[in-house]
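Below is one structure, written out as structure tokens; the observations come after it.
Just so it is clear, the values below take in all heavy atoms, side chains as well, and ignore hydrogens, waters and symmetry mates. Residue numbers start at 1 and run along the sequence shown. What you see is a predicted model; the values in this text were computed from it and never measured.
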Amino acid sequence: MRALPAVTGRDDFDALVVRTDYHDDQAWQDVAAALMQPWGDRQYEAHVHFIDDPAWAGATVDEVLTAVCGDDNLAVVFLADRTTMQTESHALLAVTTLTREECVGDEGYEQLTEFGRDFRTIPAGVHDVHANLSIGNLGFEEYAAWAHDDPEGTYRSF
């Protein structure tokens with residue numbers, strides 16, 4: 001496993017989006033623009049910390065998780081991977097940063113990851129997920145279940 005650059009300068013209120021696919025710059029620009037749109041019922045301002053550095057090209061989920069593990073205020077990281085760039089919805093991969101060791105027993109981790117440690121979300125959903133996980137309003141497993149119930153396996157936002 002390779003070492004990735006440290007993630008610095010992320011405000012706790014910023015969703016962390018890591019670009020891991022560098023095959024289509026226009027698709028990336030479309031994803032980034034969608035992520036910066038106001039969101040939610042009150043049209044909240046989007047707060048996103050982008051990692052757009054070719055050093056992250058092809059990074060695996062495990063490599064990204066290792067790189068961000070020092071951020072205690074980060075519950076989820078979003079990857080703009082090949083699938084994100086190639087699908088019309090530009091659904092990002094949402095990955096929980098919680099480890100088995102951080103959960104209360106094995107049962108807690110199994111509940112958290114009942115539908116896996118990741119799921120897809122449309123760009124508008126990134127903000128729902130990040131905000132609600134940050135304040136403990138909803139759990140990762142709830143979003144993963146909603147994505148699981150979607151015909152395309154994608155969380156669509158409220």
Side-chain angles (χ1 to χ4, degrees), residues 1-99 113 115-135 138 140 142-158:
M1 189 163 13
R2 66 187 160 143
L4 293 167
V7 175
T8 58
R10 185 187 78 84
D11 184 280
D12 291 347
F13 296 106
D14 293 348
L16 180 61
V17 174
V18 178
R19 180 182 182 187
T20 63
D21 181 86
Y22 286 80
H23 290 90
D24 187 340
D25 284 336
Q26 183 59 56
W28 169 245
Q29 290 171 17
D30 294 345
V31 170
L35 285 164
M36 293 311 297
Q37 293 299 310
W39 65 278
D41 57 351
R42 295 190 187 158
Q43 293 295 290
Y44 298 105
E45 182 181 347
H47 294 276
V48 182
H49 184 91
F50 291 103
I51 301 294
D52 183 8
D53 177 345
W56 294 74
T60 66
V61 167
D62 288 330
E63 287 171 338
V64 171
L65 289 174
T66 298
V68 302
C69 71
D71 189 338
D72 294 334
N73 297 313
L74 186 65
V76 62
V77 61
F78 302 93
L79 276 62
D81 60 4
R82 174 63 64 91
T83 301
T84 303
M85 303 303 181
Q86 292 181 335
T87 58
E88 188 176 330
S89 68
H90 292 306
L92 293 97
L93 189 65
V95 183
T96 182
T97 62
L98 289 176
T99 64
T113 59
F115 296 102
R117 69 177 182 173
D118 58 54
F119 61 89
R120 294 260 166 212
T121 181
I122 62 171
V126 163
H127 307 292
D128 289 340
V129 174
H130 172 72
N132 283 297
L133 292 183
S134 294
I135 62 173
L138 292 168
F140 183 87
E142 293 171 275
Y143 286 103
W146 288 321
H148 176 79
D149 291 344
D150 180 77
E152 294 177 25
T154 302
Y155 172 67
R156 302 275 172 195
S157 185
F158 294 125

Subject >> H47 NE2 to D11 CG distance, which is reported to the nearest 0.5 Å >> reply: 8.0 Å
Subject >> Whether W39 and H127 hold their rings parallel, tilted or perpendicular, with breakpoints at 30° and 60° >> reply: parallel
Original post:
Going from CG on L4 to CD1 on I51, what distance comes out if it is rounded to the nearest 0.5 angstrom?
Top reply: 10.0 Å
Original post:
Mind checking whether L65 and R117 have side chains closer than 4.5 Å, heavy atoms only?
Top reply: yes
Original post:
Taking atom CG of L16 and atom CG of N73, what is their separation to the nearest 0.5 Å?
Top reply: 12.5 Å
Original post:
In terms of ring plane angle, is the pair F50 and W28 parallel, tilted or perpendicular, where the classes change at 30° and 60°?
Top reply: perpendicular
Subject >> Contact summary for F140 and A94, nearest pair of heavy atoms >> reply: CZ-O, 3.9 Å
Subject >> Expected output: side-chain H49 to main-chain A15 donor-acceptor under 3.5 Å >> reply: no
Original post:
Closest heavy-atom contact between P54 and Y22?
Top reply: N-OH, 3.6 Å
Original post:
Between R120 (side chain) and A91 (backbone), is there a donor-acceptor pair under 3.5 Å?
Top reply: yes
Subject >> Heavy-atom closest pair, residues W56 and R19 >> reply: CB-O, 3.7 Å
**OP:** Looking only at non-hydrogen atoms, find the nearest pair between G58 and E63 and report the distance.
**Re:** O-OE1, 4.2 Å
**OP:** Please report the shortest heavy-atom distance between S157 and A124, naming the atom on each side.
**Re:** OG-O, 3.9 Å
**OP:** Over all heavy atoms of both residues, which pair between P123 and S89 is shortest? Give the atoms and the distance, please.
**Re:** CD-O, 3.3 Å
**OP:** Begin from the C-alpha positions of Q26 and D30 and carry the test side-chain hydrogen bond (donor to acceptor under 3.5 Å, both in side chains) through to its verdict.
**Re:** CA-CA 6 Å; Q26 183 59 56; D30 294 345; 2.9 Å; yes
**OP:** State, yes or no, whether a side-chain contact exists between Q43 and D41 at a heavy-atom distance under 4.5 Å.
**Re:** no
Original post:
Would you call L138 and W146 a side-chain contact if the rule is heavy atoms closer than 4.5 Å?
Top reply: yes
**OP:** Taking the side chain as every heavy atom from C-beta outward, state whether V7 and D71 have any atom pair closer than 4.5 Å.
**Re:** no
Original post:
Got D14 and H130 here, is their nearest side-chain heavy-atom distance under 4.5 Å?
Top reply: no
**OP:** Measure the spacing between CG of L133 and CG of L74 and express it to the nearest 0.5 Å.
**Re:** 10.0 Å
Original post:
Heavy-atom distance under 4.5 Å between the side chains of C69 and T97, does that happen here?
Top reply: no
Original post:
Do V129 and F78 have side-chain heavy atoms sitting under 4.5 Å apart?
Top reply: yes
**OP:** Kindly assign one of parallel, tilted or perpendicular to the pair Y143 and F119, based on the angle between their ring planes and the thresholds 30° and 60°.
**Re:** parallel
Original post:
Is there a donor-acceptor contact under 3.5 Å from the side chain of T96 to the main chain of V76?
Top reply: no
Subject >> L93 CG to L79 CG distance, which is reported to the nearest 0.5 Å >> reply: 5.5 Å
Original post:
Does the side chain of V126 come within less than 4.5 Å of L35's, by heavy atoms?
Top reply: yes
Original post:
Per the side chain to side chain donor-acceptor pair (under 3.5 Å) rule, which among D149, D128, T121 passes with Y155?
Top reply: D128
